[in-house]
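Presented below is the structure to which this report refers.
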Number of protein chains: 4
Amino acid sequence: MDKKQAILKSVLKLVNREGFYHLNMKNIAKEANVAAGTIYLYFKGKEDLINALYSMIVNEFNQHVLQGYEDEKPVKENFYDMLNNAIEFYLTQPDNFSFIEQYTYAPFLFKENQNDNFLLLSPIYKMMSVGKKEGVIRNIPDSILLSLIHGPMNTIIKLHLAHKTDLNKRGAKQKFFDAAWSAIAVV
Amino acid sequence: MDKKQAILKSVLKLVNREGFYHLNMKNIAKEANVAAGTIYLYFKGKEDLINALYSMIVNEFNQHVLQGYEDEKPVKENFYDMLNNAIEFYLTQPDNFSFIEQYTYAPFLFKENQNDNFLLLSPIYKMMSVGKKEGVIRNIPDSILLSLIHGPMNTIIKLHLAHKTDLNKRGAKQKFFDAAWSAIAVV
Amino acid sequence: MDKKQAILKSVLKLVNREGFYHLNMKNIAKEANVAAGTIYLYFKGKEDLINALYSMIVNEFNQHVLQGYEDEKPVKENFYDMLNNAIEFYLTQPDNFSFIEQYTYAPFLFKENQNDNFLLLSPIYKMMSVGKKEGVIRNIPDSILLSLIHGPMNTIIKLHLAHKTDLNKRGAKQKFFDAAWSAIAVV
Amino acid sequence: MDKKQAILKSVLKLVNREGFYHLNMKNIAKEANVAAGTIYLYFKGKEDLINALYSMIVNEFNQHVLQGYEDEKPVKENFYDMLNNAIEFYLTQPDNFSFIEQYTYAPFLFKENQNDNFLLLSPIYKMMSVGKKEGVIRNIPDSILLSLIHGPMNTIIKLHLAHKTDLNKRGAKQKFFDAAWSAIAVV
DNA sequence: GATGAATGAGTTTTCATTCAT
DNA sequence: TATGAATGAAAACTCATTCAT
């Protein structure tokens, strides 16, 4: 059994279950079936542990979201695929979503990655520039486009996880994609 | 001098400056120019204090966002006004935004208002039902519409406060509104 | 309304209800319908207040216990009367009993009256010396006699107040008196 | 070195020296040569710690007081032995006595053992029922008998520890036992 | 590598007392 | 006299981190 992975998984589970506020080393150890001291064999401390988990998730996300992406495909198709990938990633691993959200909104909690907060959005930027060149995506600032993609996705996942909507319902995702696309597409 | 308000303002300032994680009663007291014990004259404890602040901000937001709303106005106009009000509220009081975000993403931190997390969205729901009736807003589930309104707004404010975009730039807001409207409007 | 008396009564009630451990000035004030600061107009502080109450009760007890005492009466009669007075005093004012007990067993709590712990027993000493002279009470050390009088009385009251016995039952007191007398009487 | 025992011993010493009122965790730790936090490894908190100590002492007492007790012995002999055991227990470990007294008279301080207050008297009850059957002990309610045994014992120990009497003096105990026996014995 | 008892600085909270009104 | 808001020292308790085994 890989203790390092077990520890990271514990953090993920606990942050999701009880929030950053109640996260403590003893519980992490207990959840991972490991002694408290063992954590310090793999991580410098609490901060390091959390930052490591964050990096891990961001990497996984970026890999996942780009699956099926091909420059040759129409932008719209790539857009749909990416949204789909992103949503799938979080719906199948909801703990990741909760963790990322909490991490992002904890200013100065763990300074190291301060500038990486939007790192996980990099694939989206790529697609936007192509779309603009081809004239299928509105010629408005990237940051505004970003808000029109990332924002709805973020909220719809949140609503789904809070059982306020059901993205698995027949046609639900399609409606969402179409509407989201309208926001950024040239008419 | 109202000590209760001073304490609430301190929390807001400190949460924004250093995050929930580093918030402690001694600093709150110092920031409010008050003795530590004084906080307990007005609040039962840390949780109560934070919940009180949350309620206060949500109330202020709801009042602010509905300014200028009139049933007689076209839905689109009300939509623009509301988005505008919301953005203005947070841009002029950015600490409020940061606080609400952190509060929302801290599961089980302070259970009391668990169901109020989306309370501050109530004005939006009102507008959506009217728009659907009139046929100007897409006939898709409210939760999806919500994600298309709340999501972009949320992200654009975040980007603005992080200096990744500038909503005060000439024409910026208008572009944003138009695009956001496209997402929810019937073509 | 005499605020000083109200304060003393509050202490008595609260010590009885919740114990010394939970006694605090704010509750005393509330119970007495008085502001916290008012207590300090009548007493130097918490210690002084409690010591004053102790002295008050001891005085009342001493007065009460000697009612009907007359040097001319037979020692046995005076003994019965005193036991009877003592028991009546505490049964009609059980708060007094609880207070005295707690005060007595709180070493160094309030140093002032340290040596007065057995002060309230002075009437008993008087009777013992007379009884010995007359040859009706055993010629054993006063301290042992004291234990044989004070001890049973103390315990029987405690048991009565804890509903483990009922001194108001017909004949109960008489049985108790007779047995207690046997312990100290010359056969 | 057993830290748990060291902590319990510290509480005993400090309660005896300064009373419940002044008992605090920092001093307990210091007295036990242990860090403050260590106490919480073995006890949930102050209440738990004190309740644990109470249980420990009551158990020790009950074991000690029954030493030499045999159903075959005459009741009077068992009575003398038990009184002797009890007195010896408390005279050799006076801190135990003070602690038990304070614990008993602190209503609602620590609720858990509320009904065990008289638990430590259980051996006495046993003896009384036998004595009554044999006709050597007065046929009066157990509760009254109890007061005539427990009461004097309690008070004489208190007086001894307060240096108001000296049970180690030649013949002192015997006088006390004889008198105490007279109270409960059939003439 | 692995443990988990122990630490003690730091945190929340309480409360006797003061003092401006 | 009387008030009760305010104080701040002291209390109970937490928890990241260390280290002997």
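Worth knowing before you read on, the calculation uses all heavy atoms, side chains too, and leaves out hydrogens, waters and symmetry mates. Chain naming here is simple, since letters A, B, ... match the order of the sequence lines and numbering starts at 1 in each.
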Over how many whole Å does the gap from A/Phe43 atom CZ to E/dA2 atom P extend? 12 Å
Under 4.0 Å: is that the gap between some side-chain N or O of B/Thr38 and OP1 or OP2 of F/dA6? no
How do A/Asn33 and C/Leu23 order along DNA chain E: which one's closest nucleotide is nearer the 5' end? A/Asn33
A/Phe89, A/Tyr90, A/Tyr103 screened by ring-ring contact (aromatic ring centres under 6.0 Å, His included) with A/Phe97, the one that passes: A/Tyr90
Nearest-neighbour nucleotide for the A/Asn24 side chain, F/dT7, F/dC15, E/dT18 considered: F/dC15
Could you walk me through whether B/Glu31 and B/Lys26 pass the salt bridge (charged side-chain N to carboxylate O under 4.0 Å, His left out) test, one step at a time? CA-CA 9 Å; B/Glu31 183 72 35; B/Lys26 201 154 258 174; over 6 Å; no
Quickly work out the D/Ile50 CD1 to F/dC13 P distance and round it to whole Å. 10 Å
Rounded off to whole Å, could you give me the CG-to-P distance for the B/Asn27 and E/dG10 pair? 12 Å
Return no unless some side-chain N or O of D/Lys46 is found under 4.0 Å from OP1 or OP2 of F/dA12. yes
Could you measure between the two C1' atoms, the one in E/dG1 and the one in F/dT21, and give it in whole Å? 13 Å
Using the ring-ring contact (aromatic ring centres under 6.0 Å, His included) rule, take A/Phe20 and A/Phe99 through it: C-alpha gap first, then chi angles, then the decisive distance, then the call. CA-CA 8 Å; A/Phe20 265 122; A/Phe99 179 84; 5.7 Å; yes
Need one value for A/Tyr42: base, sugar-phosphate or nothing, where a base atom within 4.0 Å counts as base even if backbone is also close, heavy atoms only. sugar-phosphate
Please report the distance, rounded to the nearest Å, between NE2 in B/His22 and C1' in E/dT12. 17 Å
Classify the nucleic acid contact of A/Leu49 as base, sugar-phosphate or nothing, counting any heavy atom under 4.0 Å across all strands shown. nothing
Report which part of the nucleic acid D/Met25 touches: base, sugar-phosphate, or nothing (heavy-atom distance under 4.0 Å, all strands). sugar-phosphate
Heavy atoms under 4.0 Å, any strand shown: does B/Ile28 hit a base, just sugar-phosphate, or nothing? nothing
Proximal nucleotide (of E/dA6, E/dG1, F/dA11) relative to the A/Leu41 side chain: E/dG1
Can you check the D/Lys4 NZ to E/dA6 C1' distance for me, whole Å? 16 Å
Check for a donor-acceptor pair, side chain of B/Gln102 on one end and backbone N or O of B/Gly19 on the other, with a separation under 3.5 Å. no
D/Gln93 and D/Asn96: CA distance, side-chain angles, deciding distance, side-chain hydrogen bond (donor to acceptor under 3.5 Å, both in side chains) verdict: CA-CA 6 Å; D/Gln93 302 170 75; D/Asn96 284 351; 3.2 Å; yes
Can you tell me the pairing partner of E/dA2 across any strand shown, Watson-Crick or G-U wobble, with both distances under 3.5 angstrom? F/dT21
Whole-Å distance separating the CG atom of D/Leu14 from the P atom of F/dA12: 12 Å
Taken to the nearest whole Å, CD/A/Glu47 to P/F/dC15 is 17 Å
Is A/Glu18 close to A/Leu23 at the side-chain level, that is, under 4.5 Å between some pair of heavy atoms? no
Could you work out which one of F/dG8, E/dT12, E/dT7 sits closest to the side chain of D/Lys3? E/dT7
Pairwise 5' ranking along DNA chain E for C/Gly37 and D/Lys26, keeping only the more 5' one: D/Lys26
Please report the distance, rounded to the nearest Å, between OH in A/Tyr21 and P in E/dT11. 11 Å
